[in-house]
Amino acid sequence: MSFPLLTATAALPAVGAIATAAVPAERRTAAKWLALLVSLGTLVLGAVQLVRFEPGGDRYQLTESHAWIKDFGVRYELGVDGIGVALIALTALLIPFIIVAGWHDADPSPSSQLRSSRGGPKETENYRWRPTQGFFALILAVEAMVVLSFEATDVFLFYILFEAMLIPMYFLIGGFGDRAHEHGDEAAATQRSYAAVKFLLYNLVGGLLMLAAVIGLYVVAGTFSLDEIAAARASGSLDMATNTERLLFLGFFFAFAVKAPLWPLHTWLPNAMGEATAPVAVLITAVVDKVGTFAMLRFCLQLFPEASKWATPVIMVLAVISIIYGALLAVGQRDIKRLVAYASISHFGFIVMGIFAMTTQGQSGATLYMVNHGISTAALMLVAGFLISRRGSRLIADYGGVQKVAPLLAGTFLVGGLATLSLPGLAPFISEFLVLVGTFSRYPAIGVIATLGIVLAALYVLVLYQRTMTGPVKAGVQGLPDLKVRELLVVAPLIALLVFLGVYPKPLTDIVNPAVQHTMSDVHKKDPKPVVEAAQ
């Protein structure tokens with residue numbers, strides 16, 4: 001039997017999470033190194049998947065299939081297409097950077113250490129004492145579930161993973177909040193708890209609707225297997241009634257739109273990213289939220305092609321509202337992390353718009369956008385986290401003149417910001433360009449309106465940089481240390497990757513494009529022919 005590469009890629013961080021949590025309490029440093037080594041091992045397995053994947057081969061490759069719950073027809077089925085393998089590579093790449101960036105985020109705070117030395121309680125209210133082992137174990141647990149969700153080709157297996165990843169994320173948001181609000185602030189714990197509960201409730205409601213749709217799909221199709229459902233459709237033995245298909249589609253899409261997040265189901269994201277540590281905020285928007293947009297491609301379009309086309313006009317309107325709304329609110333933010341959160345809502349609007357434009361350029365651009373947005377947001381948010389940890393404040397007004405005292409920090413912050421506004425030469429540019437071209441060729445009015453998001457992105461990024469990094473040095477910024485070696489090891493590779501993929505995106509497009517062709521075939525769509533007026 002061949003080596004189960006897909007299972008191993010997800011099992012390694014799962015086993016690593018258990019091992020990290022089991023490290024003795026006094027061995028915090030050992031737990032950190034163990035988590036980092038496990039994440040690097042997962043990165044190696046993700047790279048092996050990329051190497052072994054053949055873009056011109058079968059749609060789903062490296063497949064595994066085993067009986068799981070026979071009485072209900074549930075199987076442990078895995079397989080990756082070009083979109084899945086690219087997002088697995090993104091996840092495996094970002095987790096080591098997240099771990100290194102959060103190296104000290106779960107260390108006991110000085111206040112808790114002082115109380116402990118005086119005989120006070122070691123674990124206190126407001127999460128001031130942070131169990132380091134638990135923090136890194138939860139990150140690895142999220143990685144395992146996200147990777148396996150990108151691999152799952154059984155609908156029920158995917159649903160289990162889709163919901164299960166909410167549990168570790170809830171504890172990461174509520175239990176390990178941003179230390180910028182520490183120092184005895186009782187309201188900070190309340191805000192973290194509120195953000196964590198809001199995240200959980202929104203996603204649970206979406207998950208419950210999806211569960212009803214999953215059960216309905218089984219009643220109609222008699223199986224949870226994507227391959228079997230596709231084969232039944234091709235042979236004509238599966239013919240869903242129009243209203244049934246639309247209801248099932250809505251159940252799936254609602255859950256994915258919450259996760260994505262798409263307006264008006266987005267309001268949990270600014271709270272969650274604002275109250276979480278910067279590495280956890282990256283985990284949310286660069287890794288976990290990609291499961292929602294990925295699932296729209298894999299499940300919504302493949303399982304319910306006619307309903308997807310039926311819902312497209314409304315979804316395109318919601319997507320363009322997300323683009324403009326998120327960008328406008330980012331312009332008005334006074335909190336650095338919430339600004340990045342609203343910018344991400346705008347970017348996810350571009351991704352959804354590209355998916356439902358039903359064009360090759362749009363869907364290729366949307367898939368590239370998922371990868372490039374993950375890298376650019378990680379670069380910007382992690383540098384912002386380094387800045388916030390030095391000053392102890394998330395408010396833009398508390399900064400000024402940082403580039404004079406910490407030029408490396410300011411320079412990397414600028415590059416991350418320029419990538420966020422999709423500057424030509426950096427990776428997100430080609431993604432946004434393809435999405436807009438693909439959208440304009442089928443929905444020109446929406447494509448034109450969406451370009452306003454580019455203008456607003458330039459506004460909120462450049463104003464943020466001007467207010468924080470330029471001008472006179474403010475009192476609280478004087479003596480701010482520049483990036484340390486550990487922090488440079490986090491940021492430099494991300495910036496190098498943004499430049500490389502911005503100049504030479506071909507390795508990624510070669511993997512993604514064949515999968516997009518399969519998706520276009522699922523919905524029986526072809527690219528519209530360009531209209532060229534005959535020369536007189």
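Counting from 1, the numbers follow the sequence of the chain as shown. Quantities reported herein were computed from a predicted structural model and do not represent experimental measurements.
Between the side chain of Thr359 and the backbone N or O of Gly438 there is at least one donor-acceptor pair closer than 3.5 Å. Arg338 places no side-chain N or O within 3.5 Å of a backbone atom of Leu329 that could act as its donor or acceptor partner. Panel note: side chain Thr439, backbone Leu436; no donor-acceptor pair is recorded below 3.5 Å. Side-chain atoms of Asp154 do not come within 3.5 Å of backbone N or O of Glu77 as any donor-acceptor pair. With hydrogens and angles disregarded, no donor-acceptor distance shorter than 3.5 Å links the side chain of Gln49 to the backbone of Ile88. Counting only distance, with no hydrogens or angles, the side chain of Tyr399 and the backbone of Ser393 share a donor-acceptor pair below 3.5 Å.
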> Run the side-chain contact (heavy atoms from CB on, under 4.5 Å) check on Phe199 and Leu166 step by step: do they pass?
Replying inline: CA-CA 8 Å; Phe199 161 82; Leu166 301 179; 3.8 Å; yes
>> What verdict does the side-chain contact (heavy atoms from CB on, under 4.5 Å) test give for Lys32 and Ile99, after you've listed the backbone C-alpha separation in whole Å, the side-chain angles of each residue and the deciding distance to 0.1 Å?
In response: CA-CA 8 Å; Lys32 297 175 184 178; Ile99 289 174; 5.9 Å; no
>> ring pair (Phe, Tyr, Trp, His ring centres under 6.0 Å), that's the test. Do Phe162 and Phe299 meet it? Break it down for me.
In response: CA-CA 13 Å; Phe162 187 81; Phe299 296 100; 9.2 Å; no
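Taking each heavy atom of Gly207 and Ala255 in turn, the nearest pair found is N-CB, 4.3 Å. Between Pro428 and Ala419, the closest heavy-atom pair is CG-O, 3.2 Å. Across all non-hydrogen atoms, the minimal contact from Ile355 to Met370 is CD1-CE, 4.3 Å. Residues Val317 and Ile446 share a closest heavy-atom pair of N-CD1, 4.4 Å. Of all heavy-atom pairs spanning Ile336 and Leu387, the tightest one is CD1-CD2, 4.3 Å. The heavy-atom pair separating Pro261 from Asp289 by the smallest distance is CD-OD2, 3.9 Å.
Counting only residues at least two apart or on different chains, the ring-ring contact (aromatic ring centres under 6.0 Å, His included) pairs with a member in residues 372-395 are His347-His373, Phe348-His373. Residue pairs meeting the side-chain hydrogen bond (donor to acceptor under 3.5 Å, both in side chains) criterion with at least one partner in residues 408-430, sequence neighbours excluded, are Ser422-Glu432.
Phe253 and Phe356 have their aromatic ring centers within a separation under 6.0 angstrom.
When the shell of 6.0 Å around CZ of Arg486 is examined, it contains more than 12 heavy atoms from other residues, nucleotides or ligands. Counting non-hydrogen atoms of other residues, nucleotides and ligands closer than 6.0 Å to CZ of Phe171 gives a total of 12 or fewer.
Residues that satisfy the side-chain hydrogen bond (donor to acceptor under 3.5 Å, both in side chains) test with Gln333, not counting sequence neighbours, are absent from this structure.
Applying side-chain contact (heavy atoms from CB on, under 4.5 Å) to Leu78 and the options Thr153, Leu5, Thr9, Thr7 leaves one that passes, Thr7. With Leu34 as the partner, the side-chain contact (heavy atoms from CB on, under 4.5 Å) test is satisfied by one option alone out of Leu140, Thr29, Thr20: Thr20.
A salt bridge between Arg390 and Glu487 is present, with a side-chain N of the basic residue lying under 4.0 Å from a carboxylate O of the acidic one.
Between Glu275 and Tyr194, the side chains place no donor N or O within less than 3.5 Å of an acceptor N or O (distance only, hydrogens not considered).
Two residues are said to be in side-chain contact when any heavy atoms from C-beta on lie closer than 4.5 Å; Ile454 and Leu421 fail this criterion. When side chains are defined from C-beta on, Leu380 counts as touching Phe413, because their heavy atoms get closer than 4.5 Å.
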